[in-house]
**Q** 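One structure, pasted below without further comment.
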Amino acid sequence: MDIDTIGDWKRTDDCGSLRRDDIGREVVLIGWVNRRRDLGKLIFIDLRDRFGLTQIVFDKESDAISHERASILRNEWVIAVKGEVTPRVAGQENPDLPTGDIEVKVNELKILNETEVPPFQVNGKIDASENLRLKYRYLELRRPALFHNLVMRHKIALSIRNFLNTEGFLEVETPFLAKSTPEGARDYLVPSRINKGSFYALPQSPQLFKQLLMMAGFDRYFQIVRCFRDEDLRADRQPEFTQVDLELAFVDEDGIMDVVEGMMVDIFSKVLGYGVSRPFSRIEYNKALDLYGSDKPDLRFGMELVDVSDLVRSSTLKAFTKVIGEGGVVKAINVKKGASFSRKELDELSSMVTDTGAKGLFWAKLRPDGWQSTLNKFVPPDSRSALEERLGAVEGDLIIFVSDMANVAGEALGRLRIEIGRRLGLVKDGTYSFVWITRFPLLEYDEDEKRYVAVHHPFTAPLEEDIPLLGERPEAVRARSYDLVLNGEEIGGGSVRIYNIGLQDQIFRILGLGNEEAKEKFGFFLEALTYGAPPHGGIALGFDRLVAIMVGAESLRDVIAFPKTQRATCAVTDAPSPVGRDQLAELGLSVL
RNA sequence: GGGGACGUAGUUCAGCUCUGGUUAGAACGCCGGCCUGUCACGCCGGAGGUCGCGGGUUCGAGUCCCGUCGUCCCCGCCA
């Protein structure tokens with residue numbers, strides 16, 4: 001095969017831009033062969049680049065040489081053509097293509113590259129296995145769907161930068177070669193050659209650096225920044241991911257939420273043309289668990305959890321009375337028009353409940369002739385009508401009960417709520433519902449480590465009114481923290497920070513961090529607190545997740561150009577990989 | 001660390017359980033031929049398989065059993 005060089009040809013137009021107005025122009029197009037239709041003396045090719053498709057025509061009658069050469073072209077070859085933009089034969093326009101009114105009649109062809117048979121069809125509708133799509137990512141990226149996601153990602157990032165710039169934020173880069181600190185996720189470590197036996201850690205977030213920038217008087221900082229956490233992956237979790245990291249001085253919760261809400265409204269309007277209404281609703285953490293059994297509730301539909309313990313206390317059902325006697329609860333949801341659920345579906349829901357560790361589920365279908373339920377013989381009629389009234393249940397509805405300790409029952413019903421919402425199609429595509437979840441607990445007791453750990457991070461300020469509780473009941477202290485939840489997914493979390501050295505010391509002590517260790521791990525930070533630290537706070541938003549929701553992707557992999565597999569490997573390059581002995585020796589390392 | 005699903009032409013899948021049995025099929029792609037208005041072009045012909053890998057049961061294994069590797073989903077974990 002003879003391959004041509006491009007010579008002095010210059011591309012005059014991309015493959016998505018030619019229109020009727022261009023008819024008569026002599027153009028040079030370069031791109032990939034998306035599809036060929038060889039009719040014998042006439043060959044059509046859809047030429048593709050990232051901007052679109054343009055049909056080019058090789059006509060034996062008008063240019064026998066190019067036509068002859070074109071007969072060997074195959075999908076995914078790279079070609080350049082010179083030719084004239086002509087109108088398509090009347091009635092042969094293609095309304096599905098923006099360029100469908102015209103075609104380019106070729107009078108000179110250059111073949112710039114040929115190709116092996118690709119491992120999957122770039123132009124096809126069929127999706128190859130994720131395996132192949134990841135390994136040959138550069139081919140997958142030629143396909144419009146994934147490419148579109150990355151364009152959206154770019155647009156969203158651009159909107160964010162523009163918005164924050166207008167609001168007076170400075171983008172500042174912080175180190176990737178950072179210090180390993182206790183608390184939080186497992187670190188990715190980087191060995192130091194110059195200081196053998198010592199390690200950098202890749203940042204889980206720029207948390208301390210951005211607080212130092214506040215102490216430096218930067219006032220408003222942001223960064224769209226890569227973060228690293230060496231934990232197991234999920235569809236919504238990558239080991240390296242991108243945060244929109246913000247920090248502001250001299251603000252409280254309201255000031256921070258205000259900026260973020262403004263930013264979200266701006267992005268959704270500019271990128272999706274979608275109107276988000278402000279202010280976002282706010283629900284305190286405890287209330288969210290009560291009403292939705294989740295700290296990231298999807299508020300696109302209702303179906304709230306209702307405590308009915310008092311109404312069934314006098315029933316004769318042990319599963320209810322025993323749990324209540326032990327301090328548990330009976331909670332219920334009303335599934336509107338749910339009486340049509342089949343026995344099989346209810347069994348599936350029931351097994352979901354047992355999977356979460358809850359003891360099981362009872363249900364009642366509201367039929368015209370009364371309840372269809374095993375509860376009938378245990379719950380007297382007047383209790384039944386009281387339940388119906390509290391749940392707002394009417395004929396055709398389905399009431400689902402779960403009894404257990406409050407947190408277990410809540411979680412179980414919370415999951416049911418989401419699953420039922422999905423099954424009943426209560427969630428419309430293309431709708432977005434934001435909610436702030438506020439006042440998380442500051443600390444929780446870790447049974448494994450036998451100590452308190454920070455729910456958010458150790459620099460989060462406690463609610464002022466709860467500070468007196470720090471000594472006696474640390475777990476009861478609420479934090480000045482907030483998560484931003486979009487469509488039932490956590491897309492960000494932040495807090496007002498501690499800026500007082502005494503309070504920070506106290507928190508470290510409660511976390512079981514001795515003076516020595518605190519000094520060794522966080523000494524630089526504690527010292528910084530003594531040199532005039534301003535009140536400040538901030539938030540980190542999961543950029544990949546935000547993009548995924550906005551483009552409707554199911555996995556973060558679909559909004560990242562070169563993502564990691566679930567085993568945290570790079571399918572393209574095969575990283576991580578062993579390194580030679582020399583390289584290890586230079587670092588003073590050996591492998592166990 | 002635990003649970004689950006999947007793995008068969010280049011690709012996507014069927015065949016696999018109940019019931020192991022001649023030559024493992026389809027579509028798309030690929031190769032060759034024909035075709036002047038196609039746009040998922042059409043028509044004719046052809047090539048292409050270590051049934052992920054290893055072991056076991058059996059006269060006989062894509063099919064049953066065990067192990068292993070890979071991809072994905074979930075729990076733990078992810079301040």
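Source: prediction; values computed, not measured.
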**Q** I'd like to know if the side chain of Glu140(A) and the backbone of Tyr138(A) have a donor-acceptor N/O pair within less than 3.5 Å.
**A** no
**Q** Output all residues satisfying ring-ring contact (aromatic ring centres under 6.0 Å, His included) with Tyr445(A), sequence neighbours left out; order by chain, then residue number.
**A** Tyr452(A)
**Q** Does a side chain donor of either Ser17(A) or Arg19(A) reach within less than 3.5 Å of an acceptor in the other side chain?
**A** no
**Q** Using only modelled atom types and a 3.5 angstrom limit, is any donor from either the side chain of Arg88(A) or the base of C39(B) paired with an acceptor on the other?
**A**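 Counting by modelled atom types and ignoring angles, a donor-acceptor contact under 3.5 Å is found here.
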**Q** Tell me: OH of Tyr136(A) to P of U11(B), nearest whole Å?
**A** 9 Å
**Q** Reading RNA chain B from 5' onward, which residue's closest nucleotide shows up sooner: Leu132(A) or Val89(A)?
**A** Leu132(A)
**Q** Is there a donor-acceptor pair closer than 3.5 Å between any side-chain N or O of Asn149(A) and the backbone N or O of Asp558(A)?
**A** yes
**Q** For the base of U38(B), is there a side-chain donor-acceptor partner from Gln55(A) under 3.5 Å away?
**A**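 For Gln55(A), whose side chain was compared with the base of U38(B), there is a donor-acceptor pair (under 3.5 Å).
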**Q** Is any side-chain nitrogen or oxygen of Ser129(A) closer than 4.0 Å to OP1 or OP2 of U12(B)?
**A** yes
**Q** I want to check one thing: is the phosphate of G29(B), taken as OP1 and OP2, less than 4.0 Å away from some side-chain N or O of Asn123(A)?
**A** no
**Q** Okay, side chain of Arg545(A), backbone of Glu490(A): is any donor-acceptor separation there less than 3.5 Å?
**A** yes
**Q** Could you tell me how far apart Arg557(A) (CZ) and C72(B) (C1') are, to the nearest whole angstrom?
**A**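 Going from CZ in Arg557(A) over to C1' in C72(B) covers 7 Å.
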**Q** Give the intermediate values and the outcome of ring pair (Phe, Tyr, Trp, His ring centres under 6.0 Å) for residues Phe176(A) and Phe228(A).
**A** CA-CA 9 Å; Phe176(A) 277 6; Phe228(A) 306 85; 5.6 Å; yes
**Q** Under the 3.5 angstrom rule, does the side chain of Asn500(A) hit a backbone N or O of Leu503(A) as a donor-acceptor pair?
**A**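 Checked: pair present.
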**Q** For U11(B) versus C51(B), give the span between their P atoms, rounded off to a whole number of Å.
**A**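 These two P atoms come out 15 Å apart once rounded.
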**Q** For U23(B), what is the paired nucleotide under Watson-Crick or G-U wobble rules, both distances under 3.5 Å?
**A**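 Checking every strand shown, U23(B) finds no partner, since no pair has both distances under 3.5 Å.
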**Q** Atom pairs under 3.5 Å, N or O on each side, protein against nucleotides 31-34 of chain B: can you list them with distances?
**A**
unit_1, atom_1, unit_2, atom_2, d
C31(B), OP1, Arg74(A), NE, 3.2
C31(B), OP2, Arg74(A), NE, 3.0
G32(B), OP2, Arg74(A), NH2, 3.1

**Q** Kindly assign one of parallel, tilted or perpendicular to the pair Tyr285(A) and Phe440(A), based on the angle between their ring planes and the thresholds 30° and 60°.
**A** tilted
**Q** Are any side-chain N or O atoms of Arg143(A) and backbone N or O atoms of Asn123(A), one a donor and one an acceptor, separated by less than 3.5 Å?
**A** no
**Q** Which base sits across from G67(B) as a Watson-Crick or G-U pair, both distances under 3.5 Å?
**A**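 Its partner is C53(B).
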**Q** Can Gln504(A) and Arg509(A) be counted as having a side-chain donor-acceptor contact under 3.5 angstrom?
**A** no
**Q** Can you tell me, in whole Å, how much space there is between the P of C30(B) and that of C41(B)?
**A**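 Each nucleotide's P atom is 10 Å from the other's.
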**Q** Can a donor-acceptor pair under 3.5 Å be found between the side-chain atoms of Arg35(A) and the base atoms of C39(B)?
**A** no
**Q** U68(B) and G4(B): how far apart are their P atoms, nearest whole angstrom?
**A**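 Comparing P positions in U68(B) and G4(B) gives a spacing of 14 Å.
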**Q** Using whole Å, report how far CD of Glu554(A) lies from C1' of C74(B).
**A** 15 Å
**Q** Distance check, C1' atoms only: A14(B) and A27(B), in whole angstrom units.
**A**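 Nearest-Å result for A14(B) against A27(B) at atom C1': 11 Å.
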**Q** What is the distance, to the nearest angstrom, from the CG atom on Asp96(A) to the P atom on C39(B)?
**A**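 Whole-Å distance recorded here is 12 Å.
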**Q** Could you check whether Ser205(A) gets within reach of a base, just the sugar-phosphate, or nothing at all, counting any heavy atom under 4.0 Å?
**A** base
**Q** Can you tell me the base-pairing partner of C28(B)? Count Watson-Crick or G-U wobble geometry only, both distances below 3.5 Å, and say none if there is no partner.
**A** G10(B)
**Q** Kindly say whether, by distance alone, the side chain of Asn94(A) makes a donor-acceptor pair under 3.5 Å with the base of C39(B)?
**A** yes
**Q** Between C1' on U11(B) and CD on Glu76(A), what's the gap in Å once rounded to a whole number?
**A** 14 Å
**Q** Describe the nucleic acid contact of Pro458(A) in one word from base, sugar-phosphate, nothing, applying a heavy-atom distance below 4.0 Å.
**A** base
**Q** Output yes when at least one side-chain N/O atom of Arg37(A) is less than 4.0 Å from OP1 or OP2 of C41(B), else no.
**A** yes
**Q** Gln204(A) has an atom CD; how far is it from atom C1' of C77(B), in whole Å?
**A** 12 Å
**Q** Using the six-membered ring for Trp and the full ring for Phe, Tyr or His, decide whether Phe44(A) stacks on the six-membered base ring of U38(B) (centres under 5.5 Å, planes under 30°).
**A**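 Check passed, Phe44(A) stacks on base of U38(B).
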**Q** Please report the distance separating the C1' of G25(B) from the corresponding atom of U63(B), rounded so that it comes out in whole Å.
**A**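 So the two C1' atoms sit 15 Å from each other.
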**Q** Between the main-chain N or O of Glu447(A) and the side-chain N or O of Lys450(A), is there a donor-acceptor pair closer than 3.5 Å?
**A**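 A pair under 3.5 Å: yes.
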**Q** Would you mind telling me which residue lines up with the more 5' stretch of RNA chain B, Ser555(A) or His457(A), judged by nearest nucleotide?
**A** Ser555(A)
**Q** Taking only the C1' atom of each, what is the distance from A61(B) to C65(B) in whole angstrom?
**A** 11 Å
**Q** Using the C1' atoms only, state how far C18(B) lies from C64(B), rounded to an integer number of Å.
**A**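 The answer is 13 Å between these two C1' atoms.
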**Q** Roughly, in whole Å, what's the span from CG in Asp232(A) to C1' in C72(B)?
**A** 14 Å
**Q** If we take the P atom in both G56(B) and G45(B), what is their distance in whole Å?
**A** 45 Å
**Q** Are any side-chain N or O atoms of Asp483(A) and backbone N or O atoms of Val485(A), one a donor and one an acceptor, separated by less than 3.5 Å?
**A**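 Checking the backbone N and O of Val485(A) against the side chain of Asp483(A), no donor-acceptor pair under 3.5 Å is found.
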**Q** So, applying ring pair (Phe, Tyr, Trp, His ring centres under 6.0 Å) with Phe525(A), which one of Phe459(A), Phe508(A), Tyr499(A) is it?
**A** Phe459(A)
**Q** Now, which nucleotide makes the Watson-Crick or G-U wobble pair with C72(B), with each of the two distances under 3.5 Å?
**A** G4(B)
**Q** Would you say Gln121(A) reaches G29(B)'s phosphate, i.e. side-chain N/O to OP1/OP2 under 4.0 Å?
**A**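 Checking G29(B) against Gln121(A), no side-chain N or O comes under 4.0 Å of OP1 or OP2.
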**Q** Does Arg237(A) contact C77(B) through a side-chain donor or acceptor facing the base, at a distance under 3.5 Å?
**A**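 Yes, the side chain and the base share a sub-3.5 Å donor-acceptor pair.
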**Q** Measure the distance from CG on Leu139(A) to P on G29(B) and round it to the nearest whole Å.
**A** 17 Å
**Q** Which nucleotide, if any, forms a Watson-Crick or G-U wobble pair with U58(B), using both distances under 3.5 Å?
**A** none
**Q** I'd like a list of close polar pairs between nucleotides 68-71 of chain B and the protein, N/O only, cut-off under 3.5 Å.
**A**
unit_1, atom_1, unit_2, atom_2, d
G70(B), OP1, Arg567(A), NH2, 3.3
G70(B), OP2, Arg567(A), NH1, 2.8

